[in-house]
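Below is one structure. I have some questions about it.
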Amino acid sequence: MKEITRKLNGEIERLTNKTFKFDERIREGWFSAVYFLKTKEIAEKIVPNNQVTMQFFQKDTAVLCGTDEAIALLHTFAENPEQLEIHSLKDGDKISPYETVLTVTGPYQSFGYLEGIIDGILARRTSVATNVYNVVKAARASGKQKPIIFMGDRDDHYTQQAGDGYAAFIGGSTAQATHAMNEWWGKQGMGTMPHAMIQMFNGDIVAAANAYHKVYPDDSLMVLVDYNNDVIGDSLKVAREFGETLVGVRLDTSKNMVDKYFLRNQHLIGTFDPRGVNPELIFALRKALDQEGFQHVKIIVSGGFNENRIRAFEKQHVPVDMYGIGRNLLQINIGFTGDNVLLNGENAAKEGRKYRPNPRLEQVVYIRD
């Protein structure tokens, strides 16, 4: 049983290193800025009895993520972690600018060298969770929640997938492209066919769909239909071939392409941008499918979507059933700062910073793995 299941069942409060599987070189300081390592050594040799309180915050309205990971990091690599006093918010909490999300109290030499790593964990996880939350919110602007598929596998280094997938889950996406993206939260990746598969069948969309259905007969059949730049023609071909078996079609038309539908109907062009996946193309596709009795076929769109574009589609009531998004969910827009704000229980922060107590913080109980 994965830890996330135990957490959701209320058996444990937080995920641990059993989920995160940290690189052991963290203990050696390999990923810490050298000045933190030097400060650790100075604290050990000169002021070993000092107790500091380190406080973490950021400057945006956001969806917090990364606290379980940061606490697991402290519990795994701090010296005598059971002696640290840790207070924290939880993954998924909505946070305000400058709100304290985490405090750690103890000897600096025990945990201080982890400051930059904690900042980075919180920054990336919170950025992704917030980005996803915002697009999920945009995708229900018309009154009906449209699912968001997290498709960020090609937009960053592959080692980021598990953490990004978890952050996307915290933000509200429960459909993700790879198994790795689902590693921390317990499901499997989903997907049907890339353009490469259709190319193997020389652009024959029906042949490609038949091959997929033969090998994966129990999968929901969702067919990519923009390979030949004729999404309406190819959607109708697979719908006629598969009938009720066809669950959906996905459009991923490049923003530099004008679909052949508009080339056949040039009288429609002139009042909108006909490139890529655009509202007029989706309206025409929905109408064509419905006219032939394929009202059950869902329309999935991808390719350059972000919060604002989704919101615009929803405002126009474009008949999209699901959005696929990658790169725009991985932008790191939120940065965290860790500051030492108390020294031996007394205020001692650098100018411009101060201790900001937060009644929402909960004390973290140390539990040995």
Side-chain angles (χ1 to χ4, degrees), residues 1-24 26 56 62-77 81 86-95 101-102 114 117-118 120-137 139 145 147-153 156-191 322 324-326 329-330 332 334 336 360-369:
M1 179 185 297
K2 291 196 175 186
E3 280 195 315
I4 189 67
T5 302
R6 298 184 61 206
K7 181 178 177 180
L8 294 175
N9 288 341
E11 298 173 26
I12 58 175
E13 285 292 319
R14 295 182 181 271
L15 304 178
T16 73
N17 194 29
K18 292 178 182 177
T19 291
F20 304 118
K21 302 179 179 66
F22 294 121
D23 190 322
E24 274 297 319
I26 292 173
F56 293 85
V63 176
L64 179 63
C65 189
T67 62
D68 282 10
E69 193 174 354
I71 290 165
L73 181 89
L74 288 161
H75 284 172
T76 303
F77 296 111
I86 302 173
H87 292 80
S88 179
L89 296 180
K90 292 186 175 181
D91 290 349
D93 283 346
K94 309 297 191 302
I95 55 175
V101 304
L102 172 69
L114 301 172
I117 302 175
I118 294 172
I121 288 171
L122 294 173
R124 186 175 187 101
R125 303 293 178 248
T126 299
S127 290
V128 174
T130 302
N131 293 341
V132 173
Y133 174 82
N134 287 336
V135 299
V136 168
K137 185 177 179 180
Q145 181 66 66
I148 298 295
I149 308 173
F150 181 52
M151 305 173 71
D153 54 296
D156 209 334
H157 197 274
Y158 72 94
T159 56
Q160 301 298 323
Q161 289 186 22
D164 289 343
Y166 172 74
F169 165 69
I170 293 297
S173 172
T174 56
Q176 303 185 6
T178 73
H179 297 317
M181 289 174 181
N182 294 264
E183 179 182 358
W184 293 1
W185 62 279
K187 288 193 176 182
Q188 291 187 324
M190 65 163 290
M322 188 179 299
I325 313 179
L329 296 180
L330 296 179
I332 310 303
I334 295 171
F336 276 79
R360 297 176 64 203
L361 297 181
E362 297 181 7
Q363 185 166 1
V364 177
V365 177
Y366 174 75
I367 300 177
R368 187 179 300 277
D369 289 345

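In what follows, residues are counted from 1 in the order of the sequence shown.
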Between D164 (side chain) and V128 (backbone), is there a donor-acceptor pair under 3.5 Å?
no
Taking the side chain as everything from C-beta on, heavy atoms only, tell me whether N131 gets closer than 4.5 Å to L330.
no
Looking only at heavy atoms, the pair that brings I170 and A129 closest together is CG2-CB, 4.3 Å
Under 3.5 Å, side chain of Q145 to main-chain N/O of V136, donor-acceptor pair present?
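Yes, because the side chain of Q145 sits within donor-acceptor range (under 3.5 Å) of the backbone of V136.
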Minimum heavy-atom separation for I148 and S173, please, with both atom names.
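Here I148 and S173 meet closest at O-OG, 2.9 Å.
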Can you tell whether the side chains of D91 and R14 come within less than 4.0 Å, N to carboxylate O?
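Salt bridge flag = no for R14 with D91.
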Checking K21 against E183 for the salt bridge (Lys or Arg N to Asp or Glu O under 4.0 Å) test, could you report, in this order, the C-alpha distance in whole Å, the side-chain angles of both residues, the deciding distance, and whether it holds?
CA-CA 11 Å; K21 302 179 179 66; E183 179 182 358; 3.8 Å; yes
Mind telling me whether W185 and F169 have parallel, tilted or perpendicular rings, with 30° and 60° as the class edges?
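Ring orientation, 0 to 90° scale: parallel.
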Are the side chains of Y166 and C65 in contact, using a 4.5 Å heavy-atom criterion?
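A side-chain contact under 4.5 Å exists here.
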I'd like to know if the side chain of T130 and the backbone of V63 have a donor-acceptor N/O pair within less than 3.5 Å.
yes
If you measure from CD1 on I95 to CD1 on I334, what distance do you get to the nearest 0.5 Å?
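Rounded to the nearest 0.5 Å, the CD1-CD1 separation comes out at 6.5 Å.
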Contact summary for F336 and V101, nearest pair of heavy atoms:
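The pair with the smallest heavy-atom distance is CE2-CG2, 3.7 Å.
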If I compare all heavy atoms of A72 with all of F22, which pair ends up nearest, and what's the gap?
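Where A72 meets F22 most closely, the heavy atoms are C-CE1, 3.6 Å.
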Any sub-3.5 Å donor-acceptor pair from T19's side-chain atoms to W184's backbone N or O?
no
Tightest non-hydrogen contact, residues I118 and L102, listed as CG2-CD2, 4.0 Å
Hey, which of K90, K7, K18 is the one that makes salt bridge (charged side-chain N to carboxylate O under 4.0 Å, His left out) with D68?
K7
At what distance, to the nearest 0.5 angstrom, does OG1 of T76 lie from CZ of F20?
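Between atom OG1 of T76 and atom CZ of F20 there are 9.5 Å.
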Is it the case that atom CD in E13 sees more than 12 heavy atoms from other parts of the structure closer than 6.0 Å?
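No, the 6.0 Å shell around CD holds no more than 12 heavy atoms from other groups.
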Inter-residue atom distance D156.CG - I332.CD1, 0.5 Å rounding:
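The CG atom of D156 sits 7.5 Å away from the CD1 atom of I332.
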For residues L89 and L361, determine if any side-chain heavy atom of one lies less than 4.5 Å from a side-chain heavy atom of the other.
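The answer is yes, as the side chains (C-beta and beyond) meet within the 4.5 Å cut-off.
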Sidechain-backbone polar pair: E3 side chain, T16 backbone, donor-acceptor under 3.5 Å
yes
Please examine the side chains of L74 and P81, heavy atoms only from C-beta on, and report whether any two atoms are closer than 4.5 Å.
no
Give the intermediate values and the outcome of side-chain contact (heavy atoms from CB on, under 4.5 Å) for residues H75 and N17.
CA-CA 9 Å; H75 284 172; N17 194 29; over 6 Å; no
Check: A180 main-chain N/O paired with Q161 side-chain donor or acceptor under 3.5 Å
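Not at all, since once roles are kept as given, no pair shorter than 3.5 Å links the two residues.
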Just checking K137: does its NZ atom have more than 12 heavy atoms from other residues, nucleotides or ligands closer to it than 6.0 angstrom?
no
Minimum heavy-atom distance T126-L122, with the two atoms named
OG1-O, 2.8 Å
Does any non-hydrogen side-chain atom of K94 lie less than 4.5 Å from one of Y133?
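Counting from C-beta outward, Y133 and K94 do come under 4.5 Å.
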I need the L73 CG to T67 OG1 distance, nearest 0.5 Å.
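L73 CG to T67 OG1: 12.5 Å, rounded to 0.5 Å.
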